[in-house]
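Structure first, commentary second.
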Amino acid sequence: MTPRVQTVHPGFVAEISELDISRPLTPDDMDALWDASDDHAVLIFRGQTVTDAEQISFAENFGRPERYVLSYRNDIKLRLDKPEMVDVSNLDAATGAPLSGAARHRMVNLGNRLWQTDSSFKLPRGGFSLLYAHAVPPAGPLGAGETEFADTSAAYEALNPEKQAMLEGMQAEHYLMHSRATLGFTDFAPEERAALPPVQQPLVITHQRTGRRSIYVASHASHILGMGIAEGRLLLIELLETATRPGTTYRHEWQVGDLVMWDNRRTLHRGLAFDERFPRDLRRVTTSDGTEPKRAA
Ligand code: OGA
Ligand code: MN
């Protein structure tokens, strides 16, 4: 049986059904998934049951999983024991209970509420992210912890040619600690700062598989090289706002068993608020750009 691909938002989001992602995939399955991924930046797989190891194996079909940014310290015990597994939950590693206040894990994860693309602060940058829901909070007045996505290729293509020409060759500096500092959180250890130094990324990148270009910005970007801090930051804010215009985004309402896979080179995303008294257990694996396996001829 081949996976079924249903478009949710043309050229941007699709839902894949009739596929169990916990099992090894056949070459035909992978062909269908690569085609779906070339045509859509966000793929939704519902009703899946996967362990952490199975989620990592599924991600490996799309590239090499990178290392979790909070795995560089040995004085803090993580909840999940695999260095590739990003703990996007609001849960305490020791007690499993929801975190509150200034808890470090909570503060770091609050950065996910800002529009970003994963691991723009790394070289190589993030490739695909695969986020899987183990527990989802009930809908409340604050929201239900949905995740919102924006299409940065469509945003680039909608710019006028003068603007596109202006952005050509520009580079921004991206730094994990910058997005956290904008929320007032600066508690990073020397080993974390050493492992995750600021990096430069082009403002416009070309997608290797599709050849489409996209605006490459994120809340991790602090300034533009060769431009004043203020002017550069204003341009970054303008591009982020352009790419995330209301009405152009897709909002994913999570159900337990959903796995959402997105291409970080052609999207932005952010998490929305929720009632933090309830567990929200989402776990992510992100691959590195350029590590996609060669496609069989
Ligand atoms: C992420 C992220 C948003 C969310 O996992 O990279 O930004 O909704 N998550 O939790
Ligand atoms: Mn993210």
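Numbers for residues simply follow the sequence, beginning at 1. We count ligands from 1, going down the list as the structure has it; atoms in each ligand are counted the same way.
The distance between the ring centers of His40 and Tyr250 does not fall below 6.0 angstrom. Between Phe12 and His9, the ring center distance clears the sub-6.0 Å criterion. Ring-centre distance between Phe45 and Tyr132: not below the 6.0 Å cut-off.
The atoms of ligand 1 that sit less than 4.0 Å from any heavy atom of Val88 are 5 (O), 9 (N), 10 (O). Of all atoms in ligand 1, listed by their number and element, those nearer than 4.0 Å to a heavy atom of Thr147 are 4 (C), 8 (O). In summary, the atoms of ligand 1 found under 4.0 Å from a heavy atom of Gln116, numbered by their order in the structure, are 7 (O). Heavy-atom contacts of Asp118 reach the following atoms of ligand 1: 6 (O) (cutoff under 4.0 Å). Within ligand 1, the atoms closer than 4.0 Å to a non-hydrogen atom of Gly271 are 3 (C), 4 (C), 8 (O), numbered from 1 in the order shown. The contact set between ligand 1 and His269, taken as ligand atoms under 4.0 Å from a residue heavy atom, comprises 1 (C), 2 (C), 6 (O), 7 (O).
Contact annotation: for Glu148 versus ligand 1, there are no heavy atoms closer than 4.0 Å.
The shortest N/O to N/O separation between Arg270 and ligand 1 does not fall below 3.5 Å.
Scanning the protein for heavy atoms near atom 6 (O) of ligand 1, the closest one is Arg284 NE, 2.7 Å.
The Mn ion (ligand 2) lies at 2.8 Å or more from every N, O or S atom belonging to Asn112.
Residues Thr249 and Trp115 are in side-chain contact: their nearest non-hydrogen atoms beyond the backbone lie under 4.5 Å apart.
Under the 6.0 Å distance and 45° angle rule, Arg67 counts as a cation-pi partner of Tyr72.
Electrostatic pairing of Arg212 and Glu157 counts as a salt bridge here, judged by a charged N lying under 4.0 Å from a carboxylate O.
Distances from the Mn ion (ligand 2) to each N, O or S atom of Asp118 single out OD1 as the nearest.
Using a 4.5 Å cut-off between side-chain heavy atoms of Ile, Leu, Val, Met, Phe, Trp and Tyr, with links allowed through other members, Phe128 and Leu43 fall into the same hydrophobic cluster.
At most 12 non-hydrogen atoms from other residues, nucleotides or ligands lie less than 6.0 angstrom from CZ of Arg277.
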